Amino acid sequence: MHVLPYLVAAYVFLTGCYGLATSRNLIHTVGCLAVCQSSTYVLLLAVGYRDGATAPVFSDLAPGSRPVVDPIVQALTLTDIVVGATVTALLLALVLQIAKRHGTLDPDELRELRG
Amino acid sequence: MADAVIVVALLLVAASATAAVAQREPARQALVLSVLGVVLAVLFTVLQAPDVGLSQLAVGSALTPLLIMLSVRKVRRQARAKDRAR
Amino acid sequence: MTGRTTLLAVGELLAWWAGLALLWLVLVSSVDTLERIVGASAAAVGALAARAGRRAVTWR
Amino acid sequence: MSQRLRLWLLAVGGAGVAALLVAACLDLPAFGGRRHPYGERAVAASLARHTANTIASLNFDQRAYDTLGEISILFAAVLGCLVLLREARDEHRAQPQPAEVALPVRRYALIALPVALLTGLYVIAHGQLSPGGGFQGGVVAATALHLLYLGADYRALERVRPLGVFDVCDALAVSAYAVLGLAGLLAGTAFLANTLLPYGTFNTLSSGGTVPLLNAAVGMEVASAVVLLLAGFLDQAVEIEEERGS
Amino acid sequence: MNGWLLAATVELGGAGAAALWGTATGPLPRRVMAQNLATSAVCPALLLLAQGYGRPSYVDLALLMALLGPVGTLVFARLLADELLDDRPRAWTLTWAAAGLSAAVVVAVCVATGPSRAMVKLLLIGALLIGGNVIASRALAGGFRGVRGA
């Protein structure tokens, strides 16, 4: 149990990389990149967790009454998710441009079109 | 007891990530990605990160699937237009 | 805009505003004056959006 | 580079990375440990400034400069998307046909639109108290607007969504964030320092100094950025067609 | 031994895993139906977690899930309309079962919180969830006939 979250994060990252390397459709590649990114969220939040602790949000909790989880990794993960969404959108826009210019989404066919 | 729910959420995330990568067709992958977003939001709640869970819910269950599905539709319309033109 | 349609429009906006202000009070945990002001303005924005949405859908 | 050779390379590289990752994971401190030195200091700083949500205090007060970088990334990415998704010379805009949608679905969309918009504004406004903030609320508010497209048709959405206004809102919000930072400079303290406004009473809407203002600016920016982003994609998917095609 | 967390674990392990399996395999109509049920299976779990951890502020998560889940399903129903034309996804028994499950969970959590503003919020979340779930199923079953995916 002590190392499971880190192993799950590593597993999701490697699965995403496998999908990226062997993808035959660029939109599928963007999806696999999103999976890769979600592994970083899992790793960051697993590092910040504390047994028996609660979230450091004191709207319904007296400060100091219960141990709290590390808020810094949560702020980093929040930024990560928002930038991840914008990167996905930009990549999809690029994919649409490739589909319009080259008429195909298969990376192998794209490589042969050069020259 | 709190650990059991963490283990279940982690296994669900691993399973949906594998399913998302294994699914080669983009439209079906968008479906699995939206379920991955939902399960990630549950994992973040279990790891006591409600802010992150909220943003994953907002981005993962509505925005990303809509973007992917619109791209799939555009590519399909282009292919259909090219067939008609040929 | 004859008298009747403005009356209808204002009635609809007020109905949506009241409903959304009530919804805001349900969502909020503690209520004070600033909370009511922000809630009232948010409900006003919601009411305008609701009416604009209905008109956009029904307008042919 | 035949297909088989690439798969072999991937397998070898993947196995190497996997071995290193597992070795690293075994050395990481145990999951759920008690030592979080930076976390305690962040919580103390956030409570000192009467901000109930420590993550909002981190994002908009202690690391406000990073968030300025982040919203400029968002702004630049949306700008890039709009440039890429513009209508090219050899394309024309076809008028989207009115879609015939089942009545309960349309009625649900018309009811859920204001409720989701209000929830988005609630999540933005209470960013520095309960879980939520500018980012999450902005995305929810923008998605709420697109219920019109889902519940009716694209023409209905175009009537409600004047793109020029959202362009201006996007630029205004980013500059509002930067101006709030400069106000810190003018007041004699540092850029984006949270010393302008009094910190107010704990756990109320006006607590946290400039955190709620920065929160609202980011909420407005994210909402208009997502609307512009989806407008670009929707135009491509629904309206713009190749010239030689249909 | 926190009963709420146990219930959330059982719900996630059972309904969550089944919805994931349904989304990942099988014909397209069943996949879209499973994605719809994934939302209405996980939202009650979030309510149970909020009650189990003793943090009423986590209820905002379930509120957002109840709002955005059906919107996600409407996106798929709308943009896959032409593919779903021939074989309509009809699983009304599953939909009503999920609605019944969410209703039971909402009532249980309401009883635990007692009559107050929080209880009204819970009832609102329950109404949004069940309404959204039923409307999403209605949209899947044939809401977008004349749309041709536009």
Side-chain angles (χ1 to χ4, degrees), chain A residues 1-11 13-14 17-18 20-22 43 46-53 55-61 63-64 67-83 85-97 100-101 108 111, chain D residues 3 6-7 10 14 17-18 21-22 24-26 28-34 36 38-40 42-43 46-47 52-55 57-59 62-63 66-67 70-71 73-74 76-78 80-85 88 126 129-131 133 135-136 139 202-203 222 225-226 229 232-233 236 242:
Chain A
M1 180 52 204
H2 291 297
V3 82
L4 179 66
Y6 308 133
L7 291 180
V8 166
Y11 168 75
F13 179 73
L14 288 172
C17 288
Y18 170 76
L20 277 173
T22 59
L43 180 65
V47 163
Y49 184 70
R50 177 178 177 155
D51 276 338
V57 176
F58 302 108
S59 63
D60 56 349
L61 175 76
V68 283
V69 181
D70 186 349
I72 292 180
V73 277
Q74 294 187 9
L76 295 178
T77 312
L78 196 67
T79 314
D80 193 352
I81 288 177
V82 170
V83 171
T86 43
V87 162
T88 307
L90 196 58
L91 287 176
L92 283 174
L94 285 171
V95 164
L96 289 186
Q97 283 298 326
K100 191 181 300 181
R101 288 293 168 268
D108 294 341
R111 223 166 277 129
Chain D
Q3 183 66 9
R6 265 188 310 160
L7 278 182
L10 176 70
V17 169
L21 278 178
V22 168
C25 289
L26 297 179
L28 275 173
F31 173 69
R34 297 199 174 292
H36 296 288
Y38 297 102
E40 282 127 20
V43 170
S46 152
L47 292 179
N53 185 347
T54 316
I55 293 108
S57 158
L58 265 170
N59 269 340
Q62 301 165 27
R63 284 179 64 245
D66 298 355
T67 311
E70 184 200 333
I71 57 172
I73 290 174
L74 185 68
V78 168
C81 278
L82 291 184
V83 165
L84 282 169
L85 295 173
H126 290 72
L129 302 176
S130 60
F135 299 112
Q136 301 90 334
V139 175
F202 190 73
N203 214 354
V222 169
V226 168
L229 195 65
F233 275 92
Q236 281 290 342
E242 304 280 321

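All figures in this text were calculated on a predicted structure; none of them were measured in a lab. Numbers restart at 1 for each chain; the letters A, B, ... are given by sequence-line order, proteins then strands.
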Contact part of [X] toward chain D, heavy-atom cut-off under 4.5 Å: side chain, backbone, both or neither?
{"X": "A:Leu96", "answer": "side chain"}
{"X": "A:Val69", "answer": "neither"}
{"X": "A:Leu90", "answer": "both"}
{"X": "A:Leu92", "answer": "both"}

*asked:* Surrounding CZ of A:Phe13 (heavy atoms of other residues, nucleotides or ligands, distance under 6.0 Å), is the total greater than 12?
replied: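 Not more than 12 within 6.0 Å, no.
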*Should we count OH of A:Tyr18 as having more than 12 external heavy atoms under 6.0 Å?*
no
Are the side chain of [X] and the backbone N or O of [Y] linked by a donor-acceptor pair below 3.5 Å?
{"X": "D:Thr54", "Y": "A:Pro56", "value": "yes"}
{"X": "D:Asn53", "Y": "A:Val57", "value": "no"}
{"X": "D:His36", "Y": "A:Tyr49", "value": "yes"}

Is it the side chain or the backbone of [X] that comes within 4.5 Å of chain A heavy atoms, both, or neither?
{"X": "D:Gln62", "answer": "neither"}
{"X": "D:Leu21", "answer": "side chain"}
{"X": "D:Tyr38", "answer": "both"}

_Winner by heavy-atom pair count (cut-off under 4.5 Å) against chain A, out of D:Val139, D:Leu10, D:Val226, D:Leu82_ =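 Of the options given, most contacts go to D:Leu10.
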*Do A:Thr79 and D:Thr67 have side-chain heavy atoms sitting under 4.5 Å apart?*
no
*Sole residue of A:Leu4, A:Leu43, A:Leu7 in side chain to side chain contact (heavy atoms under 4.5 Å, CB included) with D:Cys25*: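 Answer to the side chain to side chain contact (heavy atoms under 4.5 Å, CB included) test with D:Cys25 among A:Leu4, A:Leu43, A:Leu7: A:Leu7.
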_Criterion side chain to side chain contact (heavy atoms under 4.5 Å, CB included) on D:Arg63 and A:Leu76, from CA distance to verdict_ = CA-CA 10 Å; D:Arg63 284 179 64 245; A:Leu76 295 178; 3.7 Å; yes
